[in-house]
Amino acid sequence: MELDTSTWMLLFFVLSFTISMWKVYAFLPNKTLADDDTTKESQEELIKIIKKYKRNNISSKELLKLIVNDINFDKKHFWRFNENKLKQLLIKMNS
């Protein structure tokens, strides 16, 4: 049984397409990470801590220190929390 050129091209295309789709699937996030601090629940937890210490005349650096030293602040879960994330959450709270 001899296969002509177009059949070989089609087989090669299907094989390449299958391998490409598998590679794309392998890099897609399949589950949430244990330390993902961008989820709604994590942000609500941070907002709750922020509200505890938020005052009108406090700077963001002082507020950050108070939040990080809070007993309910999980340092392993929120290891990426910094002043920039704090400012973003403050903007989110005010809007």
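For the atom pair S16 OG and F13 CZ, the distance stands at 8.0 Å (nearest 0.5 Å). How far CG of N84 is from CG of L89: 10.0 Å, rounded to the nearest 0.5 Å. From K54, atom NZ reaches atom CG of L86 across 9.0 Å, with rounding to the nearest 0.5 Å. Here the CG atom belonging to L3 is positioned 10.0 Å from the OG1 atom belonging to T5, to the nearest 0.5 angstrom. The CG atom of L63 lies 11.5 Å from the NZ atom of K87; values are rounded to the nearest 0.5 Å. One finds the CG atom of N94 at 6.5 Å from the CG atom of L90 (value rounded to the nearest 0.5 Å).
Just one of K52, K48, K75 meets the salt bridge (charged side-chain N to carboxylate O under 4.0 Å, His left out) condition when paired with D70; it is K52.
Of the possible donor and acceptor atoms, one in the side chain of T18 sits under 3.5 Å from a partner among the backbone N and O of V14.
For the pair D37 and R80, the tightest heavy-atom approach, listed with the atom from each and the gap, is OD1-NH1, 3.0 Å. The two residues I49 and I67 come nearest to each other via the heavy atoms CG2-CG2, 3.9 Å. Residues M93 and I50 approach most closely at SD-CG2, 3.8 Å, considering heavy atoms.
Among residues two or more places apart in sequence or in another chain, the salt bridge (Lys or Arg N to Asp or Glu O under 4.0 Å) test is passed with K65 by none. Applying the ring pair (Phe, Tyr, Trp, His ring centres under 6.0 Å) rule to F73 yields the partners F78, F81; only residues at least two apart in sequence or on another chain are considered.
Crowding of L28 atom CG: a count of heavy atoms from other residues, nucleotides or ligands under 6.0 Å exceeding 12.
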Handout entry: From CA spacing to verdict: side chain to side chain contact (heavy atoms under 4.5 Å, CB included), L46, K85
Key = CA-CA 10 Å; L46 281 172; K85 286 208 180 228; over 6 Å; no
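Through direct or indirect side-chain contacts shorter than 4.5 Å among Ile, Leu, Val, Met, Phe, Trp and Tyr, F12 is connected to no other residue.
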